[in-house]
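Notes for the one structure printed next.
The sequence lines fix the lettering, A, B, ..., with proteins before strands; numbering per chain opens at 1. No hydrogens, no waters, no symmetry mates; every other heavy atom, side chains included, goes into these values.
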Amino acid sequence: MIVVNTEVIPGYVVTETKGLVQGNTIRAKHVGRDIAAGFKNLVGGELKGYTELLTEARRQAVERMMSQAQQLGANAIVNVRFTTSAVTQGAAELYAYGTAVVAEKGAA
Amino acid sequence: MWPIWVSLLPMLLLLVLGAGVGGFVERRHLAALALREKKYASITVTNLKRVTDSASAQHAAMVSGEVVIASDYLKTLLASLRNIVGGNVKAYETLMHRARWEAQLRMLEEARKIGASEVWNVRFETSNVRSSSKNNKAISVEVFAFGTAVIRQISQP
């Protein structure tokens, strides 16, 4: 499945618009990571644990969005957007949404 | 006299640690970023939405990069002092700059992996990763960069 955040897919023609698809996930970080992060706040630098956590969570949100698009019979998603919101302290919601379309190879 | 001196010691130690290690990490990071940027100089990066000459494109895919970065003890202290008088918080400016740069390079790394020559419609998203403890003033920010990588035909003039 082609996923892009542009309105058109370079090299493809959109033949049919299926509609909005979305995927979300809420992740909580665990205490161990929080302790490590607390220490990192003294010396600075990347919080690798959090980076991994968020990457993984975002990937899951995108996958959910993609499976929804598949159910609609689409083969691509255009104009994808992401939002992040802190639901409670220590948990974050990652949300991905876009428009499911049917695209065919070729010039417009 | 003695107890006051002792109670200040941990704070001083943390300051030295923050200034020493934090400063070292920052300098090394900036040097590494500058070096890595050169590797991706051939990839055109733009935040334009409309892909020019999109007919000659072979394929497109979304690429992204993200990083969560923490401030050090010294930066946090400098920022809270700055809050009293106002003005530019230089310590956090460099922190954000580093984070954005890192996220962008990770995105480009992904673009290079799939053989893309351009990345279009690049967007940056920033969010605050909050600490669970309430009296912890230290900040951690997440920067997420994403865009559409375009792969052109091999037989390109």
Engaged part of [X] at the chain A interface, taking heavy atoms whose separation is under 4.5 Å:
X	result
B:Phe24	neither
B:Val25	side chain
B:Glu142	side chain
B:His59	both
B:Arg106	side chain

* Do the numbers put B:Arg112 on top of the ring of B:Tyr40, so that NZ or CZ is under 6.0 Å from the six-membered ring centre and no more than 45° off the axis? -> no
* To do: Please report the shortest heavy-atom distance between B:Ile43 and B:Ala116, naming the atom on each side.
  =>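 Scanning both residues, the minimum pair turns out to be CG1-O, 4.1 Å.
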* To do: Heavy atoms only: give me the nearest A:Ala28-A:Leu53 pair and the separation to one decimal.
  =>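 It is O-CD1, 4.4 Å.
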* Among B:Val21, B:Ile151, B:Leu15, single out the residue with the greatest number of heavy-atom pairs under 4.5 Å to chain A. => B:Val21
* Looking at B:Ser71, B:Ser64, B:Gly22, B:Gly147, which one has more heavy-atom pairs under 4.5 Å with chain A than the rest? ->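 Looking at each of B:Ser71, B:Ser64, B:Gly22, B:Gly147 in turn, B:Ser71 comes out on top.
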* Can A:Arg59 and A:Glu56 be counted as an ion pair, charged N to O under 4.0 angstrom? ->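 Looking at A:Glu56 together with A:Arg59, the answer is yes, because their closest N to O distance falls below 4.0 Å.
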* Asked: Between B:Glu109 and B:Lys39, is there a side-chain N and carboxylate O pair less than 4.0 Å apart?
  -> no
Region of [X] in contact with chain B, defined by heavy-atom distances below 4.5 Å:
X	answer
A:Lys105	side chain
A:Ser85	neither
A:Val62	neither

* **Spacing of B:Arg36 atom CZ and B:Leu105 atom CG [to the nearest 0.5 Å]** =>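 Answer rounded to 0.5 Å: 5.0 Å.
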* Can you tell me if A:Arg64 uses its side chain to pair, donor with acceptor, with the backbone of A:Asn24 under 3.5 Å? ->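 Yes, A:Arg64 side chain to A:Asn24 backbone: donor-acceptor pair under 3.5 Å.
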* Between A:Ile9, A:Leu54, A:Val8, which has the largest tally of heavy atom pairs under 4.5 Å with chain B? -> A:Leu54
* Under a 4.5 Å heavy-atom cutoff, which of A:Asn5, A:Thr84, A:Thr51 has the most pairs with chain B? -> A:Asn5
* Asked: Going through the checks in order, is the ring-ring contact (aromatic ring centres under 6.0 Å, His included) test met by A:Tyr95 and A:Phe82?
  -> CA-CA 6 Å; A:Tyr95 179 57; A:Phe82 291 98; 9.5 Å; no
